[in-house]
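Please read all numbers here as calculations on a predicted model, not as lab measurements.
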Amino acid sequence: MKKTLPFLFIILVAFSTTVVANGDNYLANLIHNAKAQQLSKEKVWLSLLHYRKNDSAITQEDFFLSNVGRTNPKAELLATLNAFFAGEISGSEHPLCRFVARRRWLTEQLNIEENRLPTVTCNDYIEWRKNVPSAKVTLVFPAYYLNSPSSMFGHTLLRLDPEDGENWSNWLSYAVNFGATVDNTDNSLIYAYKGLMGGYPGNFAVMPYYKKILEYSRIERRDIWEYSLNLTSEEVNKLVEHLWELKNVTFDYFFFTENCSYRLLELLEVARPSVELTDEFAVTAIPVDTVRAIEREGMLTTATYRPSRGAVLQARIQQLNADEENTLSEVMESSNPTVTDLLAHLPENRQLFIAETAYKLIRFRQNKRERDKDKAKKSYQLLSLINKYPVGTKQTVIAPKQPEKGHLSGQWLFKVGERDNKRYTELGFRMAFHSLEDNEEGFLRGAQINIGQIRLRRSEENTLFLQQLDIVNIFSLTPRTTFFTPLSWRVKGGLERVYRDGQDRLVSHVSGGVGYAWNATPNNLTYSLLTARVEGGSSFKTFVEPALGFTTGMLIHTPLGTGKFELAGEKFSGGENTIELKYVQNIVLSKNTAIKLSAQREWVLNKQISEIGISYQLHF
């Protein structure tokens with residue numbers, strides 16, 4: 001027996017060595033096959049690591065298993081294969097647990113045998129998947145909101161839904177959101193600079209969907225559009241697996257390009273590699289354009305409109321007659337918390353309707369404000385009155401045109417005209433996005449956002465010159481009513497050619513204004529703003545000179561198109577003053593084409609200048 005023990009030990013050692021060698025050979029064969037198939041050049045692999053021209057947008061070093069993985073897809077793939085077979089790491093920290101989407105894809109491409117991999121238990125991933133629904137995916141588009149710089153162009157996020165069932169509600173779904181981590185101490189200029197130059201890190205977040213509904217629909221007063229996606233269960237699983245890999249991972253974030261919407265397109269390309277969603281967004285990735293890209297790939301099915309609380313309230317108020325509107329005003333303005341007497345002269349069903357409207361309006365106005373004891377008492381009394389009725393009234397809001405059905409974001413313009421009895425031709429380009437006079441279908445009425453607009457003009461003497469360069473031109477006109485009293489405002493900056501010191505000169509300027517707007521009729525919007533302007537040019541005594549002024553105008557919406565009358569005046573600190581009267585009429589030819597007529601009269605010191613023009617506009 002003693003003689004056999006050394007012999008058995010030798011056999012055991014030899015067998016163990018053979019197993020290890022065979023394991024090494026198996027991994028070596030996988031690496032050889034991966035190189036032979038050039039897997040590191042495959043679209044799926046590049047998508048999983050968010051490569052763009054062999055440079056990943058992910059800035060977090062521990063996301064990469066190779067020290068050159070951020071710029072070398074091949075090195076990262078080989079490092080991933082080696083890491084998958086590492087035996088010194090166990091549990092949820094093992095690369096097999098951290099990179100489940102990579103594991104799935106590499107297993108499929110190389111036919112990796114599961115029993116060859118280390119046995120690890122991914123408890124963190126298993127628990128996370130239990131809490132995150134993954135039967136269906138919905139694309140969510142919170143509409144434009146001009147009072148927040150980061151939300152002017154809208155936003156997109158994804159919603160993860162469970163299987164339909166009797167107890168299902170999308171409030172129980174989860175939202176997938178990508179956004180910048182912003183320093184709240186940054187002012188608007190620093191925010192704009194960092195947002196444009198990639199100064200903020202971006203991260204994915206998975207959170208309960210009801211929190212996003214509260215944020216957008218209630219706090220930011222934004223309508224929401226929800227689009228069902230026709231992803232298969234396998235495609236949804238791929239997307240969710242990759243989301244796990246991106247937990248707490250930091251990306252580059254750029255406001256116009258690699259932003260919230262662009263990152264969601266990358267996720268969808270991981271889920272369905274056959275689609276091409278990101279290639280067309282090398283310069284800008286405006287959220288509504290990304291919705292259109294997804295639609296072109298045939299991934300959208302049904303669209304659902306979720307109005308904001310503000311939209312619901314406005315719809316309720318529009319149903320009131322004059323007497324009921326006065327009663328609502330009395331309920332809102334009364335210092336006496338007893339409101340039943342104010343409602344007593346109305347039928348019961350209208351008492352209920354006005355009590356509900358008043359309660360919703362009080363809560364709407366108190367949002368983000370300190371608690372008001374009188375308002376709280378009135379709210380309680382209204383709620384008590386509402387609860388006396390068996391069923392409340394539900395307000396239906398007519399859905400507007402879907403935002404992706406509106407005109408495209410870019411614009412080319414060709415114009416001919418005459419200024420001060422001299423003819424000219426003009427070529428214009430606008431990067432984004434919508435003017436007050438443009439075809440309004442699919443857009444928020446009274447909202448103008450123009451970014452990167454340039455116009456080149458050629459005079460009748462064949463001189464070519466820059467006529468206008470708008471870096472930003474934003475105009476927000478929100479009508480005031482008895483119950484809603486928002487401010488309207490405008491900001492504009494860039495270069496423009498204006499009459500100064502005896503001739504048209506190119507000047508730099510920053511201007512803005514604040515005021516009010518009113519609806520005289522449902523299709524007529526009148527506005528008036530106090531304005532300020534800082535202009536730089538050689539025609540002034542000082543190179544930079546400020547001015548105060550006014551702008552008043554009217555928008556008229558008709559089936560033909562939108563017309564705009566505007567009168568504006570400014571007085572500079574050096575004594576020079578200007579007045580301009582302008583009329584513009586847009587004639588819609590199709591969703592993306594229009595003819596625009598314009599006429600204006602200027603008074604600058606003792607000079608009067610007239611200009612007329614007609615332009616053809618093509619949105620692209």
query = How about Phe141 and Tyr227: are their ring centres within less than 6.0 Å of each other?
reply = no
ask   = About how many Å separate CG of Leu158 and CG of Leu139, when rounded to the nearest 0.5 Å?
value = 6.0 Å
key: Shortest non-hydrogen contact from Tyr200 toward Lys194   = CE1-CB, 3.3 Å
ask   = With sequence neighbours excluded, what pairs up with Val584 under the side chain to side chain contact (heavy atoms under 4.5 Å, CB included) test?
value = Glu437, Lys582, Lys596, Ser598
ask   = Of all heavy-atom pairs between Leu267 and Val176, which one has the smallest distance, and what is that distance?
value = CD1-CG1, 4.1 Å
query = What pairs of residues pass the side chain to side chain donor-acceptor pair (under 3.5 Å) test when at least one of them lies in residues 290-302, not counting sequence neighbours?
reply = Ser228-Thr302, Glu280-Arg296, Asp289-Arg292, Glu295-Lys405
Set of salt bridge (charged side-chain N to carboxylate O under 4.0 Å, His left out) partners for Lys238, sequence neighbours left out = none
key: Results of side chain to side chain contact (heavy atoms under 4.5 Å, CB included) for Asn519 - residues two or more places apart only   = Pro479, Leu525
request  = Please name all residues satisfying side chain to side chain donor-acceptor pair (under 3.5 Å) with Glu226, sequence neighbours left out, ordered by chain then number.
outcome  = Arg159, Tyr209, Arg306
key: Euclidean distance, Lys591 NZ relative to Lys401 NZ, rounded to 0.5 Å   = 8.0 Å
task = Decide ring pair (Phe, Tyr, Trp, His ring centres under 6.0 Å) for Phe153 and Tyr144; before the verdict, give the C-alpha distance in whole Å, the side-chain angles of both, and the deciding distance to 0.1 Å.
result = CA-CA 5 Å; Phe153 293 96; Tyr144 320 112; 8.1 Å; no
message = Please find the pair of heavy atoms, one from Pro403 and one from Val288, that lie closest to each other, and give the distance.
response = O-CG2, 3.5 Å
request  = Sequence neighbours left out, what passes side chain to side chain contact (heavy atoms under 4.5 Å, CB included) with Ala594? Give chain and number order.
outcome  = Asn586, Gln617
key: N-O pairing of Glu215 and Arg222 below 4.0 Å   = no
message = Can you list everything that forms a salt bridge (charged side-chain N to carboxylate O under 4.0 Å, His left out) with Glu127? Sequence neighbours excluded, please.
response = none
query = Can you name the residues that form a salt bridge (charged side-chain N to carboxylate O under 4.0 Å, His left out) with Arg272, not counting sequence neighbours?
reply = Glu235
inquiry  = Is the distance between the ring centroids of Phe364 and Tyr359 under 6.0 Å?
reply    = no
request  = In sequence, state the C-alpha distance, the side-chain angles, and the governing distance for Met207 and Tyr174, and then conclude on side-chain contact (heavy atoms from CB on, under 4.5 Å).
outcome  = CA-CA 5 Å; Met207 66 189 73; Tyr174 270 69; 5.6 Å; no
inquiry  = Nearest 0.5 Å, please: how far is CD1 in Ile286 from OG in Ser261?
reply    = 9.5 Å
request  = Sequence neighbours left out, what pairs pass side chain to side chain donor-acceptor pair (under 3.5 Å) with at least one residue falling in residues 474-492?
outcome  = Asn147-Trp489
For Tyr305, side chain to side chain donor-acceptor pair (under 3.5 Å) partners two or more places apart = Asp223
key: Partner residues of His434 under the side chain to side chain contact (heavy atoms under 4.5 Å, CB included) criterion, sequence neighbours left out   = His407, Asp438, Phe443
note = Across all chains, not counting sequence neighbours, the salt bridge (charged side-chain N to carboxylate O under 4.0 Å, His left out) partners of Glu258 are Arg52, Arg263
Ring centres under 6.0 angstrom apart (Tyr262, Phe178) = no
